[in-house]
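All residue numbers refer to positions in the sequence shown, counting from 1.
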Amino acid sequence: MPTSDRPEARFSYEGLDRIIHERARLSVLTSLVSHPRGLAFPDLKRLCGLTDGNLSRHLAVLQEADLVSLEKGYDQNRPQTLCRLTPSGRTRFLDYLGVLEQVVRDAAQAAGKPQNAVGKTQNAVGKTQGAAGHDRSGHDRSGLAEPV
């Protein structure tokens with residue numbers, strides 16, 4: 001198709017939110033979406049592989065954008081911060097994932113891959129996984145839904 005016949009800005013992906021798209025914040029939101037009751041700060045830090053200071057800074061950005069809420073309290077007389085997705089944060093994150101899925105479909109189509117291969121990846125042991133991180137048997141292989 002000649003360049004002049006292509007739709008304008010087809011691959012601009014306006015829905016890729018810069019606040020969410022940063023790697024550490026994407027990790028935080030993915031961890032929280034898989035734990036609807038929230039995560040204690042140390043558990044979130046472990047899942048995301050971040051330092052205390054780095055996680056605190058990213059949580060501040062996410063809280064300012066109304067994507068997460070932080071509840072400070074005590075657990076057995078020890079201070080504890082519980083991190084949760086806000087309802088609007090959950091909606092915004094799921095919308096963002098929809099845009100990412102479109103990016104994957106468009107890239108696969110542009111590369112000439114068959115449509116049934118879109119959204120599939122291979123994990124380290126070669127098992128085919130869907131976009132949600134489940135192998136063909138339906139088991140979670142993403143590491144995101146591990147118990148805390």
Side-chain angles (χ1 to χ4, degrees), residues 6-111 113 115-125 127-148:
R6 291 186 186 151
E8 202 62 32
R10 178 173 173 215
F11 300 114
S12 67
Y13 304 109
E14 294 297 322
L16 289 180
D17 188 323
R18 287 179 161 263
I19 291 173
I20 297 172
H21 201 68
E22 198 285 326
R23 184 180 69 85
R25 291 191 288 267
L26 181 60
S27 175
V28 167
L29 293 172
T30 302
S31 298
L32 292 176
V33 80
S34 63
H35 293 87
R37 292 187 303 208
L39 286 168
F41 187 93
D43 297 326
L44 185 57
K45 181 178 101 168
R46 180 182 50 80
L47 284 172
C48 298
L50 298 171
T51 63
D52 286 351
N54 205 344
L55 178 56
S56 291
R57 179 64 189 125
H58 288 295
L59 285 172
V61 169
L62 293 168
Q63 185 178 31
E64 185 177 311
D66 193 36
L67 291 164
V68 301
S69 66
L70 303 177
E71 297 172 20
K72 300 205 182 256
Y74 290 90
D75 182 34
Q76 298 178 358
N77 280 343
R78 297 176 63 196
Q80 178 178 325
T81 300
L82 187 64
C83 310
R84 285 194 178 109
L85 272 178
T86 63
S88 63
R90 180 177 179 76
T91 299
R92 210 164 131 190
F93 183 63
L94 294 176
D95 290 346
Y96 171 84
L97 292 179
V99 174
L100 280 182
E101 288 172 344
Q102 186 62 49
V103 170
V104 171
R105 283 191 298 271
D106 289 349
Q109 183 179 8
K113 290 198 174 201
Q115 285 297 314
N116 62 356
V118 176
K120 305 255 183 200
T121 59
Q122 280 198 334
N123 63 19
V125 293
K127 290 187 180 180
T128 302
Q129 290 182 236
H134 293 83
D135 65 21
R136 289 184 185 191
S137 66
H139 293 98
D140 184 344
R141 300 289 184 221
S142 65
L144 298 176
E146 66 184 49
V148 214

Counting C-beta onward and ignoring hydrogens, is there a side-chain heavy-atom pair between [X] and [Y] closer than 4.5 Å?
{"X": "L47", "Y": "V28", "value": "no"}
{"X": "L44", "Y": "S31", "value": "yes"}
{"X": "I20", "Y": "L26", "value": "yes"}

Any chance you could measure [X], atom [atom1], to [Y], atom [atom2], to the nearest 0.5 Å?
{"X": "L29", "Y": "L97", "atom1": "CG", "atom2": "CG", "value": "9.0 Å"}
{"X": "S34", "Y": "L32", "atom1": "OG", "atom2": "CG", "value": "7.5 Å"}
{"X": "L55", "Y": "C83", "atom1": "CG", "atom2": "SG", "value": "6.5 Å"}

Qualifying residues under side-chain hydrogen bond (donor to acceptor under 3.5 Å, both in side chains), relative to [X], sequence neighbours excluded:
{"X": "E64", "value": "none"}
{"X": "D52", "value": "K45"}
{"X": "Q102", "value": "R105, D106"}

| query | How would you list all residue pairs meeting ring-ring contact (aromatic ring centres under 6.0 Å, His included) that involve residues 79-103, not counting sequence neighbours? | reply |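 Found H21-Y96.
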
Going by the rule side-chain contact (heavy atoms from CB on, under 4.5 Å), which residues pair with [X] if we only count those two or more places apart in sequence or in a different chain?
{"X": "A40", "value": "P42, D43, Q80"}
{"X": "A65", "value": "I19, L67, R92"}
{"X": "T86", "value": "D66, S69, S88"}
{"X": "D95", "value": "T91"}

| request: Write out all pairs satisfying salt bridge (Lys or Arg N to Asp or Glu O under 4.0 Å) with one or both partners inside residues 73-89, taking only residues at least two apart or from two chains. | output: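 Qualifying pairs, neighbours excluded: E71-R84.
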
| message | Please list all pairs meeting salt bridge (Lys or Arg N to Asp or Glu O under 4.0 Å) that have one or both residues in residues 18-36, counting only residues at least two apart or in different chains. | response |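 Not a single pair qualifies under salt bridge (Lys or Arg N to Asp or Glu O under 4.0 Å).
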
